[in-house]
Protein chains: 2
Amino acid sequence: MTTTMRADADLGTLAELGQQLRVDAVRVAAAAGSGHPTSAMSAADLMAVLLVRYLRYDVGDPGESHNDHLVFSKGHASPLMYAMLRAAGAIDERELLGYRRLGSRLEGHPTPRLPWVEVATGSLGQGLPVGVGLALAGARLDRLPYRVWVLCGDSELAEGSIWEAVEHAAGNGLDNLTVVVDVNRLGQRGPTRHGWDLDAYARRFGAFGWHTITVDGHDVAAVDRAYAEATAEHGRPSVVLARTRKGRGVPDVEDREGKHGKPLPDADGAVRHLGGVRDLSVQVTLPDRGGQPHRFPSGPLELPRYDVGDQVATRTAYGQALAALGVARGQVVVLDGEVADSTRTAWFAEKFPDRFFECYIAEQQMVAAAVGMQIRGWIPYAATFAAFWSRAYDFVRMAAVSRADLRLCGSHAGVAIGPDGPSQMGLEDLAAFRAVHGSTVLYPCDANQTVQLVAAMADRAGVSYLRTSRGDTPVIYPPGEQFSVGGNRALHATADDQLTIVAAGVTVHEALTAADRLRFPARVIDAYSIKPIDAATLRAAARDTGHLITVEDHWPEGGLGDAVLDVFADGSTPPPLLRKLAVHGMPASATPEQQLHAAGIDADAIVAAAQAMIRTGDTP
Amino acid sequence: MTTTMRADADLGTLAELGQQLRVDAVRVAAAAGSGHPTSAMSAADLMAVLLVRYLRYDVGDPGESHNDHLVFSKGHASPLMYAMLRAAGAIDERELLGYRRLGSRLEGHPTPRLPWVEVATGSLGQGLPVGVGLALAGARLDRLPYRVWVLCGDSELAEGSIWEAVEHAAGNGLDNLTVVVDVNRLGQRGPTRHGWDLDAYARRFGAFGWHTITVDGHDVAAVDRAYAEATAEHGRPSVVLARTRKGRGVPDVEDREGKHGKPLPDADGAVRHLGGVRDLSVQVTLPDRGGQPHRFPSGPLELPRYDVGDQVATRTAYGQALAALGVARGQVVVLDGEVADSTRTAWFAEKFPDRFFECYIAEQQMVAAAVGMQIRGWIPYAATFAAFWSRAYDFVRMAAVSRADLRLCGSHAGVAIGPDGPSQMGLEDLAAFRAVHGSTVLYPCDANQTVQLVAAMADRAGVSYLRTSRGDTPVIYPPGEQFSVGGNRALHATADDQLTIVAAGVTVHEALTAADRLRFPARVIDAYSIKPIDAATLRAAARDTGHLITVEDHWPEGGLGDAVLDVFADGSTPPPLLRKLAVHGMPASATPEQQLHAAGIDADAIVAAAQAMIRTGDTP
């Protein structure tokens, strides 16, 4: 018989629910033959109290604007999350027991395949930073009183990204954020650094400006008091540091090493020991639906226009396009990693301070904040140097698993930046972003093209990446010319072309110079959309000219050249002769022109390669 | 006339040296037309006191074992470092003023191109973590009393990697580490979050267990006392938090926004204002050369051997090979990110606890610690899940700029891990590691092959990456068979082969099954060395068979398929018809077999692709 619990449930019933969640965690892992039941059992009481007494959530409408948000930063505790969803009536027993099976929505680690999951977790140290993004959205964008709850493990507090988030949350006074840390003292391979020293964690959170509460995580009355205290706090985020026992309730595994990430040795016995299968049902308290999400005004889109022949850096066009987009789309928000003067997001920041988020030099938190904001329907654009996106690569990878729509801009791409040297040069960004599931990779060569692509990104699903250049380049396309994602531009195309030069960004200008210098007709393709790439135009060029040269300001691996080669890797298209020009040696300091020359990606190098390929040996 | 300063120099002369360092920073940026003089000027007094009174360093022998180490975590303050090197007699005036020019060793951000630089910096938040690695090497490996000094900026304290390092240093009681933070309150685009609130930083460092000292960074007497206090501290690292003024000494720029990263507007005037060019020379105190670096015993190499037909996971072979290598090479050290039971480094940890470093879940610190250790000649191997290397990608990128020799292992590669889901699957690691300058990328398919490659990595320069698999795979090569980096294995090779299947890791076994099932002769190439790849064998296969299929447990971008295509991108080799099989859809939970099937990279998929390519339509 089902007993339905409401917020007024007594403490004994809360404890019973904790046992039910444990039992279900044990059952699902046993049915799957894998999973992390012991990591779920330690946090069961913590989540039982939350689900019944504190969470404000419409299970029937998970996208409801006023809902609280619950992020399992310790994603491996998914059996606990799914047990909660059964208790809340979201999923049934049959689905619960299909955990980790082919086709199930109940994946080993939570993903948004399941409607009640907003962000994929499982790479530790990411749930809290995303929670900070959600809390920022609540406080500064939606301006709604929803609360963000994050369940963290103790092991993941070793990740630097956690401390970026801790700093960011305190710096923004996010009192709508409550973090619950399940301090069960055991990581995957053994004890954590601090064990059950709750004060060690409290000192750290406290030093960053958080309200800290320590509690016995299996005492439901104490947990209840802790949550009451946390939710009453004003002006700063709260952390509930809960001492718990991994595998709580089953002596075979409780607080024992070597029991991480595997079903219990005797699941049936464990279920009996825990008092058997229960059927408590929770009527989760609905949120107060008063007030609508705040909306910023939207207006007409008037993109900047540049005259052909002017010298304009694509990063400048990016910044000016963002500012224009800010007028047109009230949902657009911008984040920057303390380099707004360089990435040119500063113009947006000046014009729309309420929609600009200074993330300081914390690229992981920047991506996570953007992921959190897009959950709530905001359209985030985030920028830093192309090189420094490598700092947040795991966050970008996980954003794709989260089905997040992000727009990232990497400025200062390639050796073309000049004297600052290799630490500041994005030379692997195209490879890294191409290898993100469902990503879009754009690399414009002129200002008018840039602004069109910046606008197109707003409505693009998945992770979109735009690469911009530091230095000025000539405007070659007239203002207003349309550029769509997945297209390219064939320049100098004639039926007599003997060779095609495929370039993007700064190398387009080198390619055009080279084509002018060659004694035979050569086509230049501006492959501004590197992923998806315009296969039809490239196939036509291969058919027409038989010889392709790709040239890119990037390492030879994974960038434009590989993207072009991939077009001919369908098993049926006869591939052309192709040569890749890219950056092979480790650059040092030099002027931009010297850098392009030294790397062998300037007009001279293209001319030499083209001559060698066509074997004319004859240039002006 | 040159005045030579020694450790007994008086305070007035120390202050004069500070002015000289400022003047030289102003001069080099003016000569280069770029650079970060104001960020150098704030820290000039801090470094003057250090250079004269505290650093123990043989400028003539920068690799000397007993030398202290100085890391500029704020690498953009390179003008200050180079000014120090001039004062110390390492470089002359002419070289100093060639800063940032083509061919100069004085790059925009320091790199080991200059013999006195041990690690490249310029991506903020990395110098301190590497310093922690050096300090660990001093305390636990070399067992020498050298001290590690790190100069940090205040902006970079926002990076999570800093707090990984802070936690790691305190957890290891590294009292041989002193961090100097140049709190000049101004980042690149404006004020930092905490401005001159030194106590905000002191609370944070203190909460993590550091000894903290706050000081006026322009009062050389106070700085001297702070360093004395720091070096006298036992059992914990010290941080000197110094209040400074960016651009100190020149009113045009001092403590003013908008003056980051550019030469002074009136360099000549500034030099005059600072009292003109000086020629103070510093006789840096030599280290006490007592005691030799500790060495662990080395013995014969007896790699594990596996019988053909046995089922052994390559991660298991990795762990057993590491343990064997530990016996053979006393310089081998192992680091792990709290997953030693999964990566199988646990065997090494048990056998050689003094040479094993538990980094907890802090992948950035793990790479940085390895970089620090290899500076001192140790041979680090570091391991975590393949997916989680994405967390440390910027550190790997910078390790290449540092010319570091690292050996990284990524376990649990690809969809083949099964039910844990995409957050745990390394599916972009091949792309990411291929796009690291000078990298080696290996992906063995059997246990005997794995152990040979693990051994070969020890002597490999640059960043080497080995990808291992979670599940058992059959041993197909006899024990003792040699596998070299850059090679591959052509299996089933006959003159009649109509098609070649290029595989690596788990897909080798699928390819062999597929070849057996095809009605026409097909070659299988085990491309275990993905970078460098064996171009000759692949070109021969293309010539012999005309048709290639690549199959990999990885996204389609940047992995094995792209590496094979690249072989034919020299502009002269006629490329074969080629089809890439890879993981296209976002995986969910399923068994390993179901995963390979769903991704279209199992034997069935290979057979289908091969049939379509050869158009026989006829299989058993």
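Hydrogens, waters and symmetry mates play no part in the numbers below; they use all other heavy atoms, side chains included. Sequence lines set the chain letters: A, B, ... in the order given, protein chains first and strands last, and positions in each chain run from 1.
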Given that the side chain runs from C-beta out, which part of [X] has a heavy atom under 4.5 Å from chain B: side chain, backbone, both or neither?
X: A/His260; value: neither
X: A/Ala120; value: neither
X: A/Gln188; value: both
X: A/Ser78; value: neither
X: A/Phe568; value: backbone
X: A/Met425; value: backbone

Donor-acceptor contact below 3.5 Å, side chain [X] vs main chain [Y]:
X: B/His437; Y: A/His584; answer: yes
X: B/Glu164; Y: A/Gly160; answer: yes
X: A/Ser589; Y: B/Gly108; answer: yes
X: B/Glu156; Y: A/Ile361; answer: no
X: B/Arg189; Y: A/Gly337; answer: no
X: A/His109; Y: B/Asp420; answer: yes

[X] portion near chain A, given a 4.5 angstrom heavy-atom threshold:
X: B/Arg204; value: both
X: B/Glu167; value: both
X: B/Ser34; value: side chain
X: B/Pro110; value: neither
X: B/His194; value: side chain
X: B/Thr192; value: backbone
X: B/Gln126; value: both
X: B/Arg105; value: neither
X: B/Ser402; value: neither

For each of [options], tally heavy-atom pairs with chain B at distances under 4.5 Å, and name the one with the top tally.
options: A/Arg434, A/Arg203, A/Glu338, A/Gln594; answer: A/Glu338
options: A/Arg397, A/Arg101, A/Glu428; answer: A/Arg397
options: A/Val396, A/Asp341, A/Thr591; answer: A/Asp341
options: A/Trp555, A/Phe205, A/Trp163, A/Phe208; answer: A/Phe208
options: A/Ser342, A/Ala346, A/Gly258; answer: A/Ser342
options: A/Leu124, A/Thr111, A/Leu106; answer: A/Leu124

Query raised in the report: Does A/Arg391 make a cation-pi contact with B/Tyr393 (under 6.0 Å, within 45 degrees of the axis)?
Result: no
Minimal non-hydrogen separation, [X] against [Y], with atom names:
X: A/Leu577; Y: B/Thr573; result: CD2-O, 3.5 Å
X: B/Ser123; Y: A/Ser423; result: N-CB, 4.2 Å
X: A/Val401; Y: B/Met586; result: CA-CE, 3.6 Å
X: B/Phe388; Y: A/Gly122; result: CZ-O, 3.9 Å
X: A/Tyr360; Y: B/Ala158; result: CB-CB, 4.0 Å
X: A/Gly421; Y: B/Glu107; result: CA-OE1, 4.5 Å

Option in [options] with maximal non-hydrogen atom pairs under 4.5 Å from chain A:
options: B/Met398, B/Gln595, B/Arg579; value: B/Arg579
options: B/Ala387, B/Gly171, B/Ala200, B/Gly559; value: B/Ala387
options: B/Ala432, B/Ala165, B/Ser390; value: B/Ser390
options: B/Ala202, B/Pro575, B/Ala563; value: B/Pro575
options: B/Pro419, B/Ala431, B/Gly558; value: B/Pro419
options: B/His168, B/His76, B/His554; value: B/His168

Query raised in the report: Is A/Arg193 close to B/Glu358 at the side-chain level, that is, under 4.5 Å between some pair of heavy atoms?
Result: no
Query raised in the report: NZ/B/Lys531 to CD/A/Glu557 distance, rounded to the nearest 0.5 angstrom?
Result: 3.5 Å
Query - Value rounded to 0.5 Å, distance of CG in B/Leu565 from CG in A/Leu565 - result: 5.0 Å
Requested in this report: Please identify each residue that fulfils side-chain hydrogen bond (donor to acceptor under 3.5 Å, both in side chains) with A/Asp566, with sequence neighbours left out.
Outcome: B/Lys580
Report task. Check the pair B/Gln364 / A/Glu159 against side-chain contact (heavy atoms from CB on, under 4.5 Å), numbers first and verdict last. Result -> CA-CA 9 Å; B/Gln364 298 185 99; A/Glu159 283 285 8; 5.6 Å; no
Query raised in the report: Taking only residues two or more places apart in sequence or in another chain, which ones pass salt bridge (Lys or Arg N to Asp or Glu O under 4.0 Å) with A/Asp199?
Result: none
